[in-house]
Amino acid sequence: MEADEIEKYTLLLANIERAEIIITATNDDNTNLMITQIAKKICNVPKVIARVFDPTRQKLYEDFGIETISPISLSIEKFKSLV
């Protein structure tokens, strides 16, 4: 089945409302944000985590109560520790 991952109906078909945790790791920050918002606000998933490529957007996610992992921020911190 082919479906749009940001459509609420698609997520409900995947039984998102029964999930205990959702991790979004697409290559698009906007998609990750939309999925995590649906999971958190509409489907009441207890724990949502999103990969965020643009570190400046982390605060936005955190304001929505979404935990984040930013490969860019992690890389920067690692480089700083190596220098």
Side-chain angles (χ1 to χ4, degrees):
M1 177 176 123
E2 189 173 315
D4 187 347
E5 71 275 4
I6 61 172
E7 291 293 328
K8 179 182 169 188
Y9 178 74
T10 301
L11 296 170
L12 290 173
L13 277 176
N15 292 313
I16 191 174
E17 73 280 1
R18 292 180 30 203
E20 293 180 26
I21 183 170
I22 293 291
I23 299 171
T24 60
T26 73
N27 62 353
D28 182 72
D29 285 348
N30 292 327
T31 299
N32 290 340
L33 181 59
M34 289 189 68
I35 294 169
T36 53
Q37 283 184 306
I38 291 169
K40 185 102 176 149
K41 303 294 182 189
I42 296 173
C43 299
N44 300 311
V45 176
K47 185 167 189 84
V48 293
I49 304 168
R51 177 172 60 187
V52 181
F53 286 103
D54 181 354
T56 62
R57 300 188 88 192
Q58 277 184 279
K59 175 91 170 85
L60 173 67
Y61 283 74
E62 291 164 3
D63 288 346
F64 285 117
I66 299 163
E67 294 180 66
T68 63
I69 295 175
S70 171
I72 303 298
S73 294
L74 292 172
S75 295
I76 290 168
E77 291 305 313
K78 183 61 177 179
F79 281 124
K80 284 180 181 179
S81 74
L82 293 173
V83 174

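Predicted, not measured: the structure shown is a model, and the values here were computed from it. Only this structure's heavy atoms are used, side chains among them; waters, hydrogens and symmetry mates stay out.
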*Look at the side-chain heavy atoms of Ile, Leu, Val, Met, Phe, Trp and Tyr, link any pair under 4.5 Å apart, and say whether L60 and I23 land in one connected group.*
no
_Test log, rule side chain to side chain contact (heavy atoms under 4.5 Å, CB included), inputs L33 and F64_ = CA-CA 9 Å; L33 181 59; F64 285 117; 4.0 Å; yes
*From CG (N32) to CD1 (I69), nearest 0.5 Å*: 11.0 Å
_Using the side chain to side chain donor-acceptor pair (under 3.5 Å) definition, which of the options N27, D28, D29 pairs with T31?_
D28
*Hey, could you give me the CZ/CD1 distance between R57 and I72, rounded to the nearest 0.5 Å?*
14.0 Å
With a cut-off of 3.5 Å and sequence neighbours excluded, list every side-chain donor-acceptor pair involving residues 37-47.
unit_1: K40; atom_1: NZ; unit_2: G65; atom_2: O; d: 3.4
unit_1: K47; atom_1: NZ; unit_2: E67; atom_2: OE2; d: 2.6

_Non-neighbouring partners of D63 that pass side-chain hydrogen bond (donor to acceptor under 3.5 Å, both in side chains), sequence neighbours left out_ = K59
*Can you find a heavy atom in the side chain of Y61 that is under 4.5 Å from one in the side chain of V52?*
yes
*Interatomic distance, T36 atom OG1 to I66 atom CD1 [nearest 0.5 angstrom]*: 3.0 Å
*Linking I/L/V/M/F/W/Y whenever any side-chain heavy atoms sit under 4.5 Å apart, do I16 and V48 land together?*
yes
For a quick test of your reading: what N or O donor-acceptor pairs under 3.5 Å do the side chains of residues 74-83 make, sequence neighbours left out?
unit_1: S75; atom_1: OG; unit_2: P71; atom_2: O; d: 2.9
unit_1: S81; atom_1: OG; unit_2: K78; atom_2: O; d: 2.8

